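Below is one structure; the comments refer to it alone.
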Number of protein chains: 2
Amino acid sequence: MVIFVFMLSFTEENYLKALFRLTQENSDEEAGTNELAANLGVKPATATDMLKRLKEKKLIDYEKYGKITLTNTGKKSALKIIRKHRLWETFLYEKLDFSWDEVHEVAEQLEHIQSEKLLVQLDKFLGFPQFDPHGDPIPDKNGKMPLLKAMLLSEVIVNKRYKLVGVCNHSTAFLQFLNKTSLTINNSIEVKEIQAFDKSMTVLINNKNQTILSNEVTQNLLVMLIG
Amino acid sequence: MVIFVFMLSFTEENYLKALFRLTQENSDEEAGTNELAANLGVKPATATDMLKRLKEKKLIDYEKYGKITLTNTGKKSALKIIRKHRLWETFLYEKLDFSWDEVHEVAEQLEHIQSEKLLVQLDKFLGFPQFDPHGDPIPDKNGKMPLLKAMLLSEVIVNKRYKLVGVCNHSTAFLQFLNKTSLTINNSIEVKEIQAFDKSMTVLINNKNQTILSNEVTQNLLVMLIG
DNA sequence: TATAATAGTTAGATTAATCTAACAAATAAA
DNA sequence: TTTATTTGTTAGATTAATCTAACTATTATA
Ligand SMILES: [Mn+2]
Ligand SMILES: [Mn+2]
Ligand SMILES: [Mn+2]
Ligand SMILES: [Mn+2]
C-alpha cells in the first residue's frame with residue numbers, strides 16, 4: 001500500500017508555479033491575491049479559497065488581507081514543476097522537432113506527470129541540459145538554477161558579434177516573428193548601427209541577413225559576446 | 001479563439017478505454033455497468049452517472065438496464081487513447097531505459113496529454129512501432145491494429161526454436177518474474193521437454209539458461225517460430 | 001482626516017466525480 | 001410460477017474547483 005504523503009493536484013501545482021513567478025518578479029518575494037488570480041485567469045474569490053488550502057498544506061505563508069510568500073517546501077515544489085516544464089520543452093524542441101513557439105502549451109500538460117524515474121531518465125536522455133529552448137535556466141534536482149551571464153541586446157555596443165541565448169518575452173507572436181527573422185537561439189548577431197532617436201538597431205544575423213530591429217524587440221533579446 | 005468541439009475529460013477517457021477492453025473481451029461487443037465499475041475501481045452508481053454523460057455525448061449506445069456498446073465515435077476515441085498509451089510505453093522502454101514492468105503506470109498518465117503534433121512526432125521519433133514493450137499491437141492513426149500471428153508457448157511442440165513476442169498477463173509480479181528468468185521480448189525459447197502430468201516445460205532461453213516453466217506461465221507467453 | 005479607490009474575503013451557487021443507502025428490474029433457481 | 005439472486009438505478013450527500021454578488025479591509029488622495 002503506497003502512502004501519498006504529499007500529493008498535489010494539477011491545480012495546486014499551477015498556483016504554486018504562478019506564485020513562484022510572481023514572488024520572484026516582485027523581488028520583495030511577496031505576491032497579492034488579485035495579481036495571482038489575474039495570472040491564472042480565475043477570479044480573486046477563487047484564489048482566496050485556494051490560498052487557504054495551500055496555507056493548510058504549509059506551502060505558503062499568508063494571513064487574511066496580507067501578502068503571500070512561499071515556504072521553503074512551497075519553493076521546492078514550484079522549482080520541481082518548473083524543472084519538469086523546461087525539461088519537457090527541451091525534449092519537444094530537441095527530439096521531436098517542435099519549434100520554440102509550440103513547446104510551451106504541451107509542456108504545461110507534461111509538467112504535471114508524476115514519476116521520479118521519468119524525471120531522472122528524461123534529464124539523462126537530454127544530456128542534463130542547463131537551459132531550455134527559450135534560454136531559461138533549468139533548475140537541477142536540488143532546485144539550483146544555473147546562471148546565464150547575458151545582457152540585453154538593447155544594451156550592447158556597435159560592431160561586436162554576439163549570440164542569441166535567450167528571450168524575455170515568451171509570447172507566440174514574438175517567437176514567431178523571431179523565427180521569420182532567423183533570430184533563433186545560438187544564432188549570431190552583429191550590431192552595425194544604432195539610431196539615436198528611437199534606439200532601433202541595424203543588425204547582421206548569422207553573417208547573412210541584415211535587418212532593422214526596434215527597441216521593443218532588442219529589449220527582449222538576451223545575448224552573449226562571441227570570442 | 002480555439003473552439004473545443006470535442007474535449008474529453010481525463011475520467012471520460014478512462015471510462016472509454018475500459019469499455020473498449022470489456023466489449024472486446026466479451027466478444028458479443030457488450031459490457032455491463034457492474035463489470036465496468038469493478039474494472040475502474042468505482043461503485044456501480046458512479047458508473048451509471050457517467051454512462052448517461054457518455055450517451056449524451058454519443059460515445060456509447062445504452063438504455064436503462066440494458067447493455068453498453070461503443071458507438072463508432074466512441075471506438076475511435078478509445079483507440080486513440082490506446083495508441084497514445086502504447087506509444088508512450090514504447091518511448092519509455094526504448095528511449096528512457098524503463099523496464100517493461102515499469103512503463104504502464106506512467107503511460108496511464110501520459111496517454112491523456114492532448115496534442116496532435118506530439119502524437120505524430122512521437123510516432124515518427126520511435127520509427128512507427130507496431131507493437132509495444134509487452135507485444136501489444138499499436139493502433140495506427142486510423143485506429144487499425146497490426147495483426148501478430150503468434151501462438152501460446154503452452155501450445156507449441158518440442159525441439160523447435162521460438163522467440164517471445166508478447167505476454168497475456170501484464171501484472172508487475174509476472175513481468176518481474178520474467179525479467180529474472182531472462183524471458184524478455186525477442187529472446188529465444190527452445191522447448192526441450194514437456195511433462196505430461198502438469199504440462200510444465202523444460203526450456204532453453206537464449207541458448208544459455210535452462211529452466212522449467214509451469215503451464216500457468218507458458219499459457220501467458222506469446223511466441224513465434226524462428227526460421 | 002474624510003472619502004474614494006483598490007485589494008481581498010465571504011456567502012451561496014454550480015459542475016464533475018465520487019460515495020452510501022435504498023430501491024427497481026432482469027434473470028436464475030426452486 | 002413464485003422466490004431469490006444478480007444487476008442496475010435513483011436520491012441525497014461530499015469534495016475540489018470554479019463562479020457572481022455582496023461585503024470588508026487597506027491604501028491613496030484630496
Ligand atoms: Mn514554457
Ligand atoms: Mn521555456
Ligand atoms: Mn499498459
Ligand atoms: Mn502495453
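Lettering of chains follows the sequences in order, A, B, ..., and the numbering in each one begins at 1. Just so it is clear, the structure is predicted and the values come from calculations on it, not from any experiment.
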Within the structure, does a side-chain N or O atom of T46(A) lie under 4.0 Å from either OP1 or OP2 of dC19(D)? yes

What I want to check is whether the side chains of N26(A) and E35(A) have a donor and an acceptor closer together than 3.5 Å. yes

Between the side chains of D132(A) and W100(A), is a donor N or O closer than 3.5 angstrom to an acceptor N or O? no

Apply side chain to side chain contact (heavy atoms under 4.5 Å, CB included) to the pair M201(B) and Q195(B), showing each step before the final yes or no. CA-CA 6 Å; M201(B) 287 179 170; Q195(B) 288 308 127; over 6 Å; no

Under 6.0 Å from the NZ atom of K17(B), do we count more than 12 heavy atoms belonging to anything else shown? yes

Just to be sure I understand the rule, does T33(B) reach a base, reach only the sugar-phosphate, or reach nothing, if contact means heavy atoms closer than 4.0 Å? sugar-phosphate

For L54(A) and dA16(D), what is the distance between atoms CG and P respectively, to the nearest whole Å? 12 Å

When rounded to whole Å, the CG to P distance for the pair L40(A) and dT18(D) reads 8 Å

Would you mind reading off the distance between E12(B) atom CD and dA16(C) atom P, rounded to a whole angstrom? 9 Å

With a non-hydrogen cut-off below 4.0 angstrom, is A47(B) in contact with a base, only sugar-phosphate, or nothing? nothing

To the nearest angstrom, the CD1-C1' distance between I68(A) and dT9(C) comes to 13 Å

OP1, OP2 of dT18(D) versus side-chain N and O of Y15(A): anything below 4.0 Å? yes

Taking atom C1' of dG8(D) as reference, at what distance in whole Å does atom CG of D49(B) sit? 12 Å

Below the 4.0 Å mark, does dA24(C) have OP1 or OP2 next to a side-chain nitrogen or oxygen of K64(B)? no

Under 4.0 Å, heavy atoms only, any strand: does T48(A) hit a base, just the sugar-phosphate, or nothing? base

Hey, does the side chain of K43(A) come within less than 4.0 Å of dT9(C)'s phosphate (OP1/OP2), counting only N and O? no

To the side chain of T11(B), which of dT18(C), dT9(C), dG8(D) is closest? dT18(C)

Nearest-neighbour nucleotide for the Y65(B) side chain, dC19(D), dT9(C), dG8(D) considered: dG8(D)

